[in-house]
Amino acid sequence: MNSVSSSEFRVPSSDPSLNPKPETRNSKPIGLYIHIPYCLSRCHYCDFNTYRLDVDHVQQYVNGLAQEITLRASAMAIQDRRVCSVFFGGGTPSILQASQLIGILDHCRAAFTFEDGVEVSLEANPGTVDLPKLRTLWEGGVTRLSVGVQAVQDRLLQRIGRAHTACEAKRAFWLMREAGFSNINLDLMFGLPGQSTDDWSETLDWAISVGPEHVSPYGLILEEGTLLHQEHHQGEIGLPDEETEAVMYGMAVDRLLDAGFEHYEISNFARSGFRCRHNLVYWHHQEYLGIGAGAHSFLAGRRFYNELLPANYVCAIGERGTAVAGNEELSVEMLRSERLMLGLRLRAGLDVQTFKDVLGIEDLSASDRATRLLDDGFLRMKEGRVQITERGLLVANELIVQLL
């Protein structure tokens, strides 16, 4: 990948990363997110910014990423900042050639200052990797893989539009081990159409038996505009009821805790020392930089986002030197709300003073909503922190809305 000088760009002054307010400059580490928007096909539940693979345009997109990386690294809001984590998300990043992915990573490494031991995560789908690709990724500096397994029953994978089989998922895991990866996350989904508790138990049993370092069990959400959302509104699609979903979530918690995993976020479990550093950047409300089509950034109290369509992103980078499509400066109230929403997702919760600060109160008794949730057992005080209880985990989003 050729290096691109920032002097080649015509940078508009409206780009929020270039001229931050002086008082917001800091030297704290940032997370770096890189969006790869291509997939072999679109899953029936997916509402992410993804598109079917267009081989003819992929290299143009990769070149656009290189240009944006160079621009961002020279921006005032980024200068003197170290990168603590890099996350290739999508889409399906593993759909690209290994040389393209490592080329992007090398460009990041040359443009930014990486912390020692930086975590480099890459999302991968089982049907898009083989041993040579995985070895190239490992040797090129990718340290962590997040694998979209979802289920180990082929009928369920077909029902939700996944492009791999259960056999491919199981084989891919061992290929990753053979390639050298010692930090692997498995994404699993419950609450799927036609999924029984026995199906979910089988998926959990397999996941635990192979010994990953991290497991992320997610409940299906019917996002507006997705195929499953449309089918649901057209008629019954065989979703488990709320009681069954609660049982499935409880099964995941119990099984993973018994297997020695730490439950550190509502939908995330890790072996000791293997929490996802990049996701912790988000949950601790730290700053991050997004590269690529539709990617969002959070810097100096502002959120900004890039052009959504890959073709528009590439054109914007080439014509005006930036792909920023919009931005907003977050108010104190908005920042407080986000800190509450993100912090309470962590099982450790928020320390009491931060909790009171984000609610804008001096005493917990001054908030009827907080005291009611504490009295009803949905929140608890433990070792100077406010946490969501086991009872409140399944309704965490509703609890947070009530607090706000």
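Because only heavy atoms are used, hydrogens play no part in the values below, and waters and symmetry mates are left out as well, while side chains stay in.
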- After noting the C-alpha distance and the side-chain angles of His229 and His232, does the key distance pass the side chain to side chain contact (heavy atoms under 4.5 Å, CB included) rule? CA-CA 5 Å; His229 183 270; His232 178 64; 5.7 Å; no

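- The local environment of CZ in Arg171 is sparse, with at most 12 non-hydrogen atoms from other residues, nucleotides or ligands closer than 6.0 Å.
- Within the 3.5 Å criterion, the main-chain N or O of Gly90 finds a donor-acceptor partner in the side chain of Glu123.
- His214 and Ser146 share no donor-acceptor pair across their side chains, judged by distance under 3.5 Å alone.
- Side-chain atoms of Asn63 and Gln67 include no donor-acceptor pair closer than 3.5 Å.
- In this structure, the side chain of Thr354 does not engage the main chain of Leu350 through any donor-acceptor pair within 3.5 Å.
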- Query: How far apart are the C-alpha atoms of Arg255 and Asp205, what are their side-chain angles, what is the distance that settles it, and do they pass the salt bridge (charged side-chain N to carboxylate O under 4.0 Å, His left out) test?
  - Reply: CA-CA 8 Å; Arg255 298 273 188 92; Asp205 285 345; 2.8 Å; yes

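- Taking all atoms of both residues into account, the shortest heavy-atom contact from Lys133 to Leu96 is NZ-O, 3.0 Å.
- With His35 contributing its side chain and Asn49 its backbone, the two residues share a donor-acceptor pair below 3.5 Å.
- Listed here is the closest heavy atom pair of Gly31 and Val281: N-CG1, 4.2 Å.
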- Please test Glu329 against Arg303 for salt bridge (charged side-chain N to carboxylate O under 4.0 Å, His left out), starting from the C-alpha separation and ending with a verdict. CA-CA 7 Å; Glu329 186 164 345; Arg303 178 164 292 110; over 6 Å; no

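- Arg144 places a side-chain heavy atom less than 4.5 Å from the side chain of Cys276.
- Counting heavy atoms of neighbouring residues, nucleotides and ligands inside a 6.0 Å radius, atom CD1 of Ile361 exceeds 12 of them.
- Inter-residue side-chain proximity for Thr197 and Met251 is flagged as met; some heavy-atom pair is nearer than 4.5 Å.
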- Verify ring-ring contact (aromatic ring centres under 6.0 Å, His included) between His285 and Phe298, making sure each step is shown before the conclusion. CA-CA 9 Å; His285 208 215; Phe298 174 53; 5.0 Å; yes

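- Put simply, the side chain of Arg277 never gets that close to the backbone of Cys84: no donor and acceptor are under 3.5 Å apart.
- No donor-acceptor pair closer than 3.5 Å links the side chain of Asp375 to the backbone N or O of Arg372.
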- Task: Check step by step if side chain to side chain contact (heavy atoms under 4.5 Å, CB included) holds for Ile208 and Asp258.
- Result: CA-CA 10 Å; Ile208 292 170; Asp258 287 345; over 6 Å; no

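- In this structure, His107 contributes its side chain and Ala110 its backbone to no donor-acceptor pair below 3.5 Å.
- No side-chain heavy atom of Val118 sits under 4.5 Å from any side-chain heavy atom of Thr143.
- No donor-acceptor pair under 3.5 Å is formed between the side chain of Glu338 and the backbone N or O of Leu335.
- Smallest separation of non-hydrogen atoms from Ala169 and Pro126: CA-CB, 3.6 Å.
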- Message: Would Thr50 and Tyr38 count as a side chain to side chain contact (heavy atoms under 4.5 Å, CB included) here? Give the steps.
- Response: CA-CA 6 Å; Thr50 63; Tyr38 303 110; over 6 Å; no

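- To the nearest 0.5 Å, atom CD1 of residue Ile160 and atom NE2 of residue His44 are 9.0 Å apart.
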- Could you walk me through whether Arg159 and Glu231 pass salt bridge (charged side-chain N to carboxylate O under 4.0 Å, His left out), step by step? CA-CA 12 Å; Arg159 182 66 184 87; Glu231 292 178 357; 2.8 Å; yes

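- Within the 4.5 Å cutoff, the side chain of Glu119 has no heavy atoms near those of the Val86 side chain.
- The backbone N or O of Gly127 sits nowhere less than 3.5 Å from a side-chain atom of Asn125 that would complete a donor-acceptor pair.
- Looking at Arg275 and Glu262, a side-chain N of the basic residue comes within less than 4.0 Å of a carboxylate O on the acidic one, giving a salt bridge.
- Using a 30° and 60° split on the angle between ring planes, Tyr313 and Tyr61 fall in the tilted class, from 30° to 60°.
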- Going through the checks in order, is the side chain to side chain donor-acceptor pair (under 3.5 Å) test met by Thr244 and Asp241? CA-CA 5 Å; Thr244 302; Asp241 57 31; 2.7 Å; yes

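- With 3.5 Å as the limit, one finds a donor-acceptor pair spanning the side chains of Asp357 and Gln353.
- Applying the ring pair (Phe, Tyr, Trp, His ring centres under 6.0 Å) definition to pairs two or more places apart or across chains, those involving residues 167-204 are Trp138-Phe181, Phe190-Trp200.
- Distance CG/Asn306 to CD1/Ile317: 6.5 Å, rounded to 0.5 Å.
- A side-chain donor from one of Asn185 and Ser216 sits under 3.5 Å from a side-chain acceptor of the other.
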- Can you list the steps and then say if Val210 with Trp206 is a side chain to side chain contact (heavy atoms under 4.5 Å, CB included)? CA-CA 6 Å; Val210 296; Trp206 171 78; 3.4 Å; yes

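- Taking the centre and axis of the six-membered ring of Phe378, the NZ or CZ atom of Arg391 falls inside the cone set by 45° and 6.0 Å.
- For the pair Lys356/Val386, no side-chain contact is recorded, criterion being any heavy-atom separation below 4.5 Å from C-beta on.
- For Ser196 and Asp199, the side-chain atoms include at least one donor-acceptor pair closer than 3.5 Å.
- Remark: the Arg380 side chain and the Gln387 side chain contain an N/O donor-acceptor pair separated by less than 3.5 Å.
- Among all heavy-atom pairs drawn from Pro193 and Leu156, the shortest one is O-CD2, 3.5 Å.
- The CD atom of Gln402 sits 11.5 Å away from the CG atom of Asn397 when rounded to the nearest 0.5 Å.
- Pairs of residues two or more places apart, or lying in two chains, that qualify as side-chain hydrogen bond (donor to acceptor under 3.5 Å, both in side chains) and include a residue from residues 339-350 are Glu265-Arg345, Arg347-Glu390.
- In plain terms, the two heavy atoms of Cys108 and Ile34 that are nearest each other are SG-CD1, 3.5 Å.
- Using modelled atom types, one finds no donor on one side chain facing an acceptor on the other under 3.5 Å when comparing Tyr45 with Asp47.
- A distance of 9.0 Å separates OH of Tyr305 from CD of Glu307, quoted to the nearest 0.5 Å.
- Phe114 does not carry Arg82 over the face of its six-membered ring by the limits of under 6.0 Å from the centre and within 45° of the normal.
- Within the model, atoms CZ of Arg369 and CG of Leu364 stand 12.5 Å from one another, a figure rounded to the nearest 0.5 Å.
- Between Val129 and Met176 the shortest side-chain heavy-atom distance falls below 4.5 Å.
- Ring geometry, Tyr282 versus His278: the interplanar angle exceeds 60°, so the pair is classed perpendicular (tilted spans 30 to 60°).
- For the pair Leu134/Val142, no side-chain contact is recorded, criterion being any heavy-atom separation below 4.5 Å from C-beta on.
- A donor-acceptor pair is defined here as one N or O able to donate and one able to accept, closer than 3.5 Å; no such pair exists between the side chain of Glu287 and the backbone of Pro29.
- Leu280 has its side chain within reach of Tyr264: a pair of non-hydrogen atoms, C-beta onward, lies under 4.5 Å apart.
- Gln195 places a side-chain N or O within 3.5 Å of a backbone atom of Leu192 that can act as its donor or acceptor partner.
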